[in-house]
Protein chains: 2
Amino acid sequence: MSKVVPVTLVKDDTTRWDQNVTEALGPSARVLAAAVARRHYLAGESKVDIAGALGISRFKVARLLDLAHELGIVRIEIASDQIVDLQLSEEVREAWELHHCTVVLGHGADAVAREDLGRTAAELLCEVVTDKDVLGLPWARSVSDMIRSITAFPRIPIVQLSGSVVVPDETTSPVDIVGRIARIAGGEAHLFYAPLILDDATSATVMRRQPSVASALAAADRVTIAVAGIGAWAPGQSTVYDTIGPEDRAEAVSAGVVGEVMGIYYGADGAPVPTHLTDRMVTLTGDRLRAVPEVIGIARGRNKAQAVRGALRGGLLKSLVIDTEIAQSLLAGDWPR
Amino acid sequence: MSKVVPVTLVKDDTTRWDQNVTEALGPSARVLAAAVARRHYLAGESKVDIAGALGISRFKVARLLDLAHELGIVRIEIASDQIVDLQLSEEVREAWELHHCTVVLGHGADAVAREDLGRTAAELLCEVVTDKDVLGLPWARSVSDMIRSITAFPRIPIVQLSGSVVVPDETTSPVDIVGRIARIAGGEAHLFYAPLILDDATSATVMRRQPSVASALAAADRVTIAVAGIGAWAPGQSTVYDTIGPEDRAEAVSAGVVGEVMGIYYGADGAPVPTHLTDRMVTLTGDRLRAVPEVIGIARGRNKAQAVRGALRGGLLKSLVIDTEIAQSLLAGDWPR
DNA sequence: AACCCGTGTGCTCATTTGAGCGCACCCCGC
DNA sequence: GCGGGGTGCGCTCAAATGAGCACACGGGTT
């Protein structure tokens with residue numbers, strides 16, 4: 001309640017006798033500015049109240065606060081997250097008009113751990129999902145990484161969206177992975193045992209007519225949330241690429257394929273690429289995936305950047321869980337849309 | 001401009017499937033909260049604008065910001081000064097209803113350097129003084145420390161308020177000190193050569209009648225700003241105490257003297273203490289000092305805490321430049337007034 | 001002297017913001 | 001199925017706030 005003796009905040013440079021002052025402001029002004037800042041920002045008092053308590057005008061309080069900002073007496077910082085680069089995430093989200101984007105920070109010099117990416121994707125899924133949703137899942141390594149991190153889930157239908165690929169070094173079998181979350185969720189589950197890719201279109205057609213498969217693929221219409229891995233068309237960047245033969249790879253390359261999502265192929269501009277491969281897949285169509293209201297894509301590593309960009313351009317994904325390298329690539333150089 | 005998919009901020013603990021979530025909030029909410037906080041606090045956008053840009057209500061923006069505070073995503077801190085404890089200064093100022101208070105931080109374990117205290121006092125004086133003021137100065141070690149730090153000063157009258165004490169280890173002579181600032185200021189100066197304390201009351205009366213002395217003491221009425229050292233009534237804590245004989249010291253002690261300012265004696269409650277010493281001083285009266293609108297007291301060290309408190313209670317000082325020890329003592333235990 | 005410019009100050013008015021309210025929803029137990 | 005408690009949400013109205021303006025003062029120039 002004590003009144004303050006007026007203190008001129010900034011003296012004219014020519015008239016100040018403050019040549020001995022170390023900082024830009026005298027000690028009393030610093031004390032005053034700090035006191036005002038503390039009351040306003042830490043104690044939450046309104047500027048009017050502060051002005052009343054100190055016997056100065058509310059305008060002076062406001063100017064004092066501005067000054068305190070300029071001089072660095074008040075410092076406001078947005079805390080950095082341990083796991084997620086909050087700023088980069090938002091920049092990517094904004095730039096590509098995504099629903100959600102989560103950029104996972106890599107610890108140390110090396111890339112983001114699969115485990116971290118999977119856990120973060122799990123958190124995002126759990127955050128976004130409601131008990132009105134229908135979840136669609138393909139088979140993908142990154143998706144199984146995610147599912148491993150999920151311990152609780154709402155009781156909602158789970159729909160398998162694609163066949164599976166046998167990968168030697170994966171310990172758990174494909175359907176187990178999709179089945180795991182179905183068990184956790186406890187709702188109805190549309191699962192099937194089928195390979196993602198067959199040797200010819202005829203076999204694939206037959207396979208798609210299998211009741212379990214047909215029922216699951218039909219249920220894809222009802223899916224409201226899907227999670228997808230993103231495969232780049234290069235060795236080690238796509239389980240499909242690694243599975244098929246050299247000629248098939250080459251055909252896709254010459255057709256312009258840069259990546260696949262759930263076995264749906266697309267080019268650098270995101271447009272579907274017609275290929276003989278397409279008819280051999282047991283998966284939903286690109287249009288059906290595009291119609292899903294929320295599709296979360298998961299990807300990691302510089303080599304997948306172009307594939308992610310294509311998937312986004314093609315409208316296959318609505319959200320992303322990625323690492324810093326891909327995020328920076330998505331913001332760099334050629335701009336979206 | 002991209003729209004945001006609604007995200008429920010806090011789920012009911014019973015309904016959340018976030019047992020795998022490391023933090024209290026999902027990644028998307030963290031990204032959103034951080035983005036809002038960044039836009040509001042760093043970019044300075046209004047909540048209404050942010051709400052419009054993100055397609056959410058301004059209330060949600062506000063709640064999101066509250067949340068960001070609670071979770072520590074936004075952290076506001078008042079920067080600490082290198083020289084002055086801004087918070088402690090304000091607390092003392094407020095508690096004792098001072099015009100200004102500057103608590104100088106000691107570096108390392110030992111006490112605040114005389115030099116730091118003097119420099120800070122100089123800064124405060126230069127900040128507070130205007131070219132309409134009349135400056136009054138006594139002789140005191142701390143005052144001479146301050147004056148040494150002054151290199152520029154407005155062209156105002158300088159009035160010497162007390163006689164001087166010869167201290168062996170001070171290199172500069174008393175009047176030189178007061179004369180120095182008079183030279184820097186360049187205005188009219190009321191200086192005189194006289195001891196602060198004489199052997200008897202008669203000599204003191206004679207001395208006070210000397211034209212130069214009388215003129216200066218008369219000019220004390222016009223003084224608008226004075227700076228004073230504070231002496232505690234103990235060895236090494238007051239140049240007056242150290243100068244006089246044991247009987248005089250004892251008399252003052254038994255009369256209840258705890259300190260002196262400009263040779264004006266007072267007790268623990270700040271009331272003037274009548275003593276034979278008083279008549280022997282060449283200085284202004286306590287009432288005259290109390291009438292000066294701004295008196296800045298300088299003191300350092302735990303031993304002077306009680307003397308400072310007395311001087312404040314007695315209304316001799318309006319402002320303080322002190323160290324952390326005295327400041328804490330002023331806030332501790334027995335409360336002012 | 002008269003002038004002008006830069007600076008600090010407080011005012012007015014439009015915008016922004018906060019406190020409280022009611023509504024809709026959902027989970028739970030009867 | 002039907003209240004009850006809790007929660008998130010947006011509305012209303014009053015208070016707080018910001019942008020711009022006018023004024024006063026001081027120092028320097030014409």
Side-chain angles (χ1 to χ4, degrees), chain A residues 3-18 24-26 28-29 32-33 36-37 39-41 43-71 74 127-133 152 154-156 186, chain B residues 3-18 24-26 28-29 32-33 36-37 39-41 43-71 74 127-133 152 154-156 186:
Chain A
K3 300 300 177 178
V4 160
V5 166
V7 171
T8 301
L9 293 184
V10 176
K11 281 178 181 151
D12 187 343
D13 274 342
T14 60
T15 26
R16 65 191 307 169
W17 312 284
D18 301 11
L25 227 56
S28 181
L32 183 60
V36 166
R39 288 182 151 204
H40 186 67
Y41 287 114
E45 295 181 59
S46 80
K47 299 180 186 182
V48 176
D49 286 350
I50 298 171
L54 265 54
I56 57 183
S57 80
R58 71 181 181 85
F59 305 97
K60 190 152 184 169
V61 171
R63 284 178 185 125
L64 223 27
L65 285 173
D66 291 346
L67 198 74
H69 272 98
E70 285 170 25
L71 298 181
V74 272
E127 183 184 5
V128 169
V129 77
T130 73
D131 51 6
K132 300 285 192 300
D133 279 315
R155 190 179 189 82
I156 62 174
Chain B
K3 300 297 177 178
V4 160
V5 165
V7 171
T8 301
L9 293 184
V10 177
K11 284 180 181 147
D12 188 342
D13 275 341
T14 60
T15 26
R16 67 190 306 169
W17 313 285
D18 300 10
L25 227 55
S28 181
L32 184 60
V36 167
R39 293 185 117 162
H40 185 68
Y41 287 114
E45 294 181 56
S46 82
K47 300 182 185 181
V48 176
D49 287 349
I50 297 171
L54 265 54
I56 56 183
S57 78
R58 69 181 182 86
F59 306 98
K60 187 151 185 170
V61 172
R63 285 184 245 254
L64 221 28
L65 285 173
D66 291 346
L67 198 74
H69 272 100
E70 285 169 24
L71 298 182
V74 271
E127 184 184 5
V128 168
V129 76
T130 73
D131 51 7
K132 300 284 191 301
D133 279 315
R155 189 180 190 82
I156 60 172

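As a basis for the values below, the full set of heavy atoms in this structure was taken, side chains included, without hydrogen atoms, waters or symmetry mates. Order of the sequence lines fixes the chain letters, A, B, ..., with proteins taken first and strands second; residue numbering starts at 1 for each chain.
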How many Å lie between CG on B:Asp131 and C1' on D:dG26, as a whole number? 9 Å

Nearest-0.5 Å distance that lies between atom CG in B:Leu67 and atom NZ in B:Lys60: 11.0 Å

Does anything in residues 49-70 of chain A form a ring-ring contact (aromatic ring centres under 6.0 Å, His included)? List the pairs, not counting sequence neighbours. A:Tyr41-A:His69

Which pairs, protein N/O on one side and nucleotides 15-18 of chain D N/O on the other, fall under 3.5 Å?
residue : atom : partner : partner atom : Å
D:dT17  : OP1  : A:Lys47 : N            : 3.4
D:dT17  : OP2  : A:Lys47 : N            : 2.8
D:dT17  : OP2  : A:Val48 : N            : 3.3
D:dG18  : OP1  : A:Lys47 : NZ           : 3.0
D:dG18  : OP2  : A:Lys47 : NZ           : 2.7
D:dG18  : O6   : A:Arg58 : NH2          : 2.8

Would you indicate, yes or no, if C:dG10 has its OP1 or OP2 atom less than 4.0 angstrom from a side-chain nitrogen or oxygen of A:Lys60? no

Any side-chain heavy atom of A:Leu54 sitting closer than 4.5 Å to one from A:Leu32? yes

My understanding is that only residues two or more places apart in sequence, or in another chain, count here; which of them pass side chain to side chain contact (heavy atoms under 4.5 Å, CB included) with A:Asp66? none

With rounding to the nearest 0.5 angstrom, report the CZ to CG distance, A:Arg39 to A:Leu65. 12.0 Å

Atom-pair distance (CG on A:Leu32; C1' on C:dG8), nearest Å: 15 Å

Please state whether the phosphate of D:dG10, meaning OP1 or OP2, lies under 4.0 angstrom from any side-chain nitrogen or oxygen of B:Ser57. yes

A:Arg63 CZ to D:dG20 P: how many Å, rounded? 13 Å

Heavy-atom check, side chain of A:Ile50 versus side chain of A:Leu64, under 4.5 Å: no

Could you state the CG-P distance from A:Leu64 to C:dT9, rounded to the nearest angstrom? 9 Å

